[in-house]
Asker: 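I have a structure here, written as structure tokens, and I will follow up with some questions on it.
Residue numbers start from 1 in every chain, and the chains themselves are labelled A, B, ... in the order their sequence lines are given, proteins ahead of strands. Quantities reported herein were computed from a predicted structural model and do not represent experimental measurements.
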Number of protein chains: 2
Amino acid sequence: MNSSPLAQIPAVETGIGISAVERDVGLGKDTLRVWERRYGFPTPLRDSFGERVYPAEQVAKLRLVKRLMDQGQRPGKLLGQSVAALNEQLGTPATTGDADATADWVVPLLKQRELDRLRGELSQRLAREGLQRFVIETVPALNRRIGDGWMSGEIEIFEEHLYTELIQNLLRASIHGLSSRGTTPRVLLTTIKDEEHQLGLLMVEALLAANGAACVSLGAQTPVGDIAGAARATGAEIVALSFSGACPWRKARDSLIELRAALPPAVALWAGGAGLAGRARKLAGVLTIEGLGDIAVTLADWRAGRTG
Amino acid sequence: MNSSPLAQIPAVETGIGISAVERDVGLGKDTLRVWERRYGFPTPLRDSFGERVYPAEQVAKLRLVKRLMDQGQRPGKLLGQSVAALNEQLGTPATTGDADATADWVVPLLKQRELDRLRGELSQRLAREGLQRFVIETVPALNRRIGDGWMSGEIEIFEEHLYTELIQNLLRASIHGLSSRGTTPRVLLTTIKDEEHQLGLLMVEALLAANGAACVSLGAQTPVGDIAGAARATGAEIVALSFSGACPWRKARDSLIELRAALPPAVALWAGGAGLAGRARKLAGVLTIEGLGDIAVTLADWRAGRTG
DNA sequence: ATAGTCTTTTTGTCCAAGACAAAGCGGTTG
DNA sequence: CAACCGCTTTGTCTTGGACAAAAAGACTAT
């Protein structure tokens, strides 16, 4: 196919087709075309047959937009802005940590499909740092590194899924290894509106388990109605919900209110995740958790209030 | 969303939308529409807004067609046939083994994402049966079971990928554990025209390694030009190619001829896989391998010819 | 002010018919 | 039998229009 070194160079230099953009960025063909019509971006070139050819810079901007949309923003507001402005919005919210550079090692292992070595390396760090530090520091750093890798185009969506599966397996095994007999309190864990927020849920579960709680996770996307029933069935003393950044606040709030009404007053309701960051501090009967680091403290507080 | 038990029942009973078909069957929306226009199949119903609604039976037939297409057949010939006729074409070629029922256990473990237990179960069987029997009997049975599961709609494409990754990791680890020092002959392994045929390649590598050969795998999709170079660089005595059922015979043949010309006469060229089954027995200088079971024998023959 | 309701905008996905290039098939010829 | 060449098949892209689901914004009442 590419035995002739000259044949494909122009195509590579000018850009990629609409299918490739769909695959690499994760925006549907229909969406890409309708954005072009409505918002005037992207503005792909055309090849000799009139088909769209997206230059690399436009693909990069599309990736930025997609990422901000995954955090709940809307395309109409984003597509008009400059790349610099978009980058700023993306840079501010996070810790902009320096620890991210330390996570560079995942990328080559993932790219070259050295999954066994990757798994080994992760296990080793987990053993060295302990579950709590691993979940609070290392995993978020890795997640950020993977996200950045996707942004720059060096990591494909499929590889991101692979990474997520790996981490999840590791955490599950680790949680499973902790003795859950006689531990207290019993915590029921779940999310309402999916996202691939499953990993976040698992991280919370790991922290709770590491601090001696007995967790029951329902997985993601549990209908609000079922949660109360499950809480009764498992005799949970705390119900904890996680909301991703993509979850619109109104829906989060409504779900929490509905669930609070359905739960017995004696059962505590905890809520956390990027979708609530800062906002709903004062919902009656709902305790908002600001970050992963707060989990251990909140649990200790609960115990103090319970026993005292 | 689905708190009202009545709201969604009609939609579930009549069928699924075009996006769901694309996701579940793996045929693009454009393709589905153009088939309808050209071949008169499928003939989806329309909902109140005029959007296509595919009944379950038509989805099942589409899955059949897709599977036969993956074996190299063309849609124009398939879409006119009855489901019975299609099933017959699909039923004949395989071993129609009874061992498949024994592989039923994978499905629940995969569906419930019990990947750790799945991995454990696979490792255990591998240890019990030995690498050779595991690759020749168990893995093909599992593959068939997974394929059937996809056919019946019980397994999603993503879950199939998950399974494949798992098996591949297991085989890689197993191959890695075999000492490769001083073994002979040196075999260069690869495929030309991708497919997800990577797993097949790995199975061959495992068998060769288990029989004392020193394998170097280039992975899938190596350009024909590079193979000869790699053979020289690694000092390989045998070059082995694998062709999936989807690879058209002409391309396989051309590649083999071209490669045979590029390789030194002293280097043997072996070819196998469903893409060659029965056909090209007498290409000059190319040894056709009929099945996984033949690999050990062929290797022994080579050693006999070499030493004697 | 905060919560609830209604209206308006935004946004993704679907539809239709047409077009063309790349790949494959089949018949013909050496 | 093998290689060539024209015809057919087939997937993907195009345009422009349309609408429903979801979210934002305006407004009112507590």
Asker: To the nearest Å, give me how far apart CD (A:Glu51) and C1' (C:dC20) are.
Answerer: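 The distance from CD of A:Glu51 to C1' of C:dC20 comes to 8 Å, rounded to the nearest Å.
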Asker: To the nearest angstrom, how far is B:Glu258 atom CD from D:dA2 atom C1'?
Answerer: 18 Å
Asker: Does A:Ser19 make a side-chain N or O approach to OP1 or OP2 of D:dT12 shorter than 4.0 Å?
Answerer: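 Negative; the distance criterion is not met.
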Asker: Over how many whole Å does the gap from B:Ile18 atom CD1 to C:dA16 atom C1' extend?
Answerer: 12 Å
Asker: Taking all non-hydrogen atoms of both residues, which atom of A:Asn143 and which atom of A:Tyr163 are closest, and how far apart?
Answerer: OD1-OH, 2.6 Å
Asker: Indicate whether OP1 or OP2 belonging to D:dT14 is found under 4.0 Å from a side-chain N or O atom of A:Arg52.
Answerer: yes
Asker: Let me know, please, whether B:Glu36 or A:Tyr39 comes out on the 5' side of the other along DNA chain C by nearest nucleotide.
Answerer: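 The residue whose closest nucleotide sits nearer the 5' end is A:Tyr39.
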Asker: Please determine, for the side chain of A:Phe49, which listed nucleotide (C:dG12, C:dA21, C:dC15) has the closest atom?
Answerer: C:dA21
Asker: Looking at NZ of B:Lys29 and CZ of B:Arg23, how far apart are the two atoms once the value is rounded to the nearest 0.5 Å?
Answerer: 10.0 Å
Asker: Does a donor on one side chain sit under 3.5 Å from an acceptor on the other, for B:Gln89 and B:Gln71?
Answerer: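 Note: B:Gln89 and B:Gln71 side chains miss the donor-acceptor criterion.
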Asker: Using atom types as modelled, flag every donor-acceptor pair under 3.5 Å from a side chain in residues 53-64 of chain B to any protein atom, sequence neighbours excluded.
Answerer:
unit_1	atom_1	unit_2	atom_2	d
B:Gln58	OE1	B:Thr43	N	2.8
B:Gln58	NE2	B:Thr43	O	3.1
B:Gln58	NE2	B:Thr43	OG1	3.1
B:Lys61	NZ	B:Leu79	O	3.3
B:Lys61	NZ	B:Gln81	O	2.8
B:Arg63	NE	B:Met151	O	3.0

Asker: Quick one: do A:Arg67 and A:Asp148 satisfy salt bridge (Lys or Arg N to Asp or Glu O under 4.0 Å)? Show the steps, please.
Answerer: CA-CA 10 Å; A:Arg67 190 177 226 201; A:Asp148 291 347; 3.4 Å; yes
Asker: Provide, to the nearest angstrom, the distance between the CG atom belonging to B:Asp47 and the P atom belonging to D:dA21.
Answerer: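 After rounding, the gap between these two atoms is 10 Å.
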Asker: Going by side-chain hydrogen bond (donor to acceptor under 3.5 Å, both in side chains), name the residues that satisfy it together with B:Glu156, two or more places apart in sequence or in a different chain.
Answerer: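 Testing B:Glu156 for side-chain hydrogen bond (donor to acceptor under 3.5 Å, both in side chains), a comparison that skips the adjacent residues, returns none.
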Asker: If every non-hydrogen atom of A:Ile18 is compared with every non-hydrogen atom of A:Leu32, which pair is closest and at what distance?
Answerer: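 Scanning both residues completely, I find the closest heavy atoms to be CG1-CD1, 3.8 Å.
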Asker: Would a distance-only check, ignoring hydrogens and angles, find a side-chain to backbone donor-acceptor pair under 3.5 Å from B:Thr31 to B:Leu27?
Answerer: no
Asker: Quick check on the helix from C:dA1-D:dT30 to C:dG30-D:dC1: what's the angle between its two end axes, five base pairs per end, to the nearest 10°?
Answerer: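 That helix gives 30° between its end axes.
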Asker: Show each protein N/O and nucleotides 28-30 of chain D N/O combination with a separation under 3.5 Å, one pair to a line.
Answerer:
none

Asker: Does any residue of residues 74-81 of chain B have a heavy atom under 4.0 Å from DNA chain D, and if so, which ones, in number order?
Answerer: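 Output list: B:Arg74, B:Pro75, B:Gly76.
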Asker: Which residues in residues 25-33 of chain B have at least one heavy atom lying under 4.0 Å from any atom of DNA chain D?
Answerer: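 Only B:Asp30, B:Thr31 qualify.
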Asker: Taking atom C1' of C:dT11 as reference, at what distance in whole Å does atom CG of A:Asp70 sit?
Answerer: 15 Å
Asker: Please report the interatomic distance OG(A:Ser19) to CZ(A:Arg52), rounded to the nearest 0.5 Å.
Answerer: 11.5 Å
Asker: Between D:dT12 atom P and A:Ile16 atom CD1, what is the distance in whole Å?
Answerer: 17 Å
Asker: State plainly whether the residues A:Arg46 and A:Glu36 are in salt-bridge range, i.e. N to O under 4.0 Å.
Answerer: yes
Asker: Taking only side-chain N and O atoms of B:Arg37, does any of them lie within less than 4.0 angstrom of OP1 or OP2 on D:dG11?
Answerer: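 It does not, given that no N or O in the side chain of B:Arg37 lies less than 4.0 Å from OP1 or OP2 of D:dG11.
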Asker: What's the shortest heavy-atom distance between A:Arg260 and A:Gly285, and which atoms?
Answerer: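 That would be NH1-O, 3.1 Å.
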Asker: Show your reasoning for whether side chain to side chain contact (heavy atoms under 4.5 Å, CB included) applies to A:Thr298 and A:Trp270.
Answerer: CA-CA 10 Å; A:Thr298 309; A:Trp270 295 1; 3.9 Å; yes
Asker: Can you tell me the distance, in whole Å, between the CZ atom of A:Phe41 and the C1' atom of C:dT11?
Answerer: 17 Å
Asker: Want to settle it: does B:Val34 or B:Gly17 sit nearer the 5' end of DNA chain C, counting the closest nucleotide to each?
Answerer: B:Gly17
Asker: DNA chain D: A:Gly50 or A:Gly72, which has the more 5' nearest nucleotide?
Answerer: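 Going by which nucleotide is closer to the 5' end, it is A:Gly50.
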Asker: Rounded to the Å, how far apart are B:Lys66 NZ and D:dT10 P?
Answerer: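 Computing the B:Lys66:NZ to D:dT10:P distance gives 15 Å.
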Asker: To the nearest 0.5 Å, what is the distance between OG1 on B:Thr164 and CD on B:Glu159?
Answerer: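 So the gap between those two atoms works out to 11.5 Å.
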Asker: Please report the shortest heavy-atom distance between A:Ser242 and A:Leu201, naming the atom on each side.
Answerer: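 The pair with the smallest heavy-atom distance is CB-CD1, 4.1 Å.
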Asker: So which atom in B:Thr190 and which in B:Ile227 form the shortest heavy-atom distance, rounded to 0.1 Å?
Answerer: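 Looking at all heavy atoms of both residues, the closest pair is CG2-CD1, 3.7 Å.
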